[in-house]
Amino acid sequence: MSSCIFCKIINGEIPSTKIYEDELVYAFLDISPINFGHTLVIPKEHHESASTIPEETAGRMFKVASRIGIAMKRELDMDGYNLHLADGLAAGQVVMHAHLHVVPRGVEDDFHWNWRQLAYPEGKMAGIAEKIISKLKIS
Ligand code: 5GP
Ligand code: ZN
């Protein structure tokens, strides 16, 4: 898509620091990292949502992200990594070309996800599960 900033990065119209590339995916350093080395893995084909990425490409994204995470731990002397994907504005997606974040983490990196933990009211859990399952199509 011509107006998409990540499509421009893939095409070389906007410079990026490449970490990995193959026929399906491109990986490059995030310009505003949570920690140094923070990488984005994107499909070469433009998809706004991760849900429309073909299975082979989505699988490759996960594989590449995991391998990058391992490389970060070893070579950047980090203790772990987060994989993060925001799908949709409500989830915090800013760039509308699907992307998987690989965030290197250190035990004392002083970064905290604001991850709340709600409690289900009595009897609510089963109903929620039923609704999700009723619309689930894995093919
Ligand atoms: P989102 O919030 O959509 O999950 O993440 C978008 C990410 O893209 C952000 O972390 C942001 O720093 C990164 N980003 C946005 N524009 C550019 C750019 O032009 N170059 C690079 N390397 N990263 C970008
Ligand atoms: Zn794009």
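Order of listing sets the numbers, starting from 1, for every ligand and every atom in it.
- In this structure a side-chain-to-backbone donor-acceptor pair under 3.5 Å is present from Asp79 to Val107.
- Under 2.8 Å from the Zn ion (ligand 2), one finds the following protein N/O/S atoms: Cys4 SG, Cys7 SG, His46 ND1, His97 ND1.
- Grouped with Ile138 in one hydrophobic cluster are Leu136, the linkage being side-chain heavy-atom contacts under 4.5 Å among Ile, Leu, Val, Met, Phe, Trp and Tyr residues.
- In this structure, His97 has its ring center no closer than 6.0 Å to that of His99.
- The CZ atom of Arg105 lies 11.0 Å from the NE2 atom of His38; values are rounded to the nearest 0.5 Å.
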Does ligand 1 have any N/O atom under 3.5 Å from a protein N/O, and what are those pairs and their distances?
{"unit_1": "ligand 1", "atom_1": "2 (O)", "unit_2": "Gly92", "atom_2": "O", "d": "3.2"}
{"unit_1": "ligand 1", "atom_1": "3 (O)", "unit_2": "Val94", "atom_2": "N", "d": "2.7"}
{"unit_1": "ligand 1", "atom_1": "3 (O)", "unit_2": "Val95", "atom_2": "N", "d": "3.0"}
{"unit_1": "ligand 1", "atom_1": "3 (O)", "unit_2": "His99", "atom_2": "NE2", "d": "2.9"}
{"unit_1": "ligand 1", "atom_1": "4 (O)", "unit_2": "His99", "atom_2": "NE2", "d": "2.8"}
{"unit_1": "ligand 1", "atom_1": "4 (O)", "unit_2": "His101", "atom_2": "NE2", "d": "2.8"}
{"unit_1": "ligand 1", "atom_1": "5 (O)", "unit_2": "His99", "atom_2": "NE2", "d": "3.0"}
{"unit_1": "ligand 1", "atom_1": "5 (O)", "unit_2": "His101", "atom_2": "NE2", "d": "3.3"}
{"unit_1": "ligand 1", "atom_1": "10 (O)", "unit_2": "Asp30", "atom_2": "OD1", "d": "3.2"}
{"unit_1": "ligand 1", "atom_1": "10 (O)", "unit_2": "Asp30", "atom_2": "OD2", "d": "2.5"}
{"unit_1": "ligand 1", "atom_1": "12 (O)", "unit_2": "Asp30", "atom_2": "OD1", "d": "2.5"}
{"unit_1": "ligand 1", "atom_1": "22 (N)", "unit_2": "Leu29", "atom_2": "O", "d": "2.9"}
{"unit_1": "ligand 1", "atom_1": "22 (N)", "unit_2": "Ile31", "atom_2": "N", "d": "3.4"}
{"unit_1": "ligand 1", "atom_1": "23 (N)", "unit_2": "Ile31", "atom_2": "N", "d": "3.3"}

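- We find that Glu55 and Arg60 are not joined by a salt bridge, their nearest charged nitrogen and carboxylate oxygen being 4.0 Å or further apart.
- The backbone N or O of Ser32 sits less than 3.5 Å from a side-chain atom of Asp30, completing a donor-acceptor pair.
- Rounded to the nearest 0.5 Å, atoms SG (Cys7) and CD (Glu45) are 9.5 Å apart.
- Partners of Glu48 according to the side-chain hydrogen bond (donor to acceptor under 3.5 Å, both in side chains) rule, which considers only residues two or more places apart in sequence or in another chain, do not exist here.
- Between the side chains of Tyr20 and Thr39, no donor-acceptor pair of N or O atoms lies under 3.5 Å.
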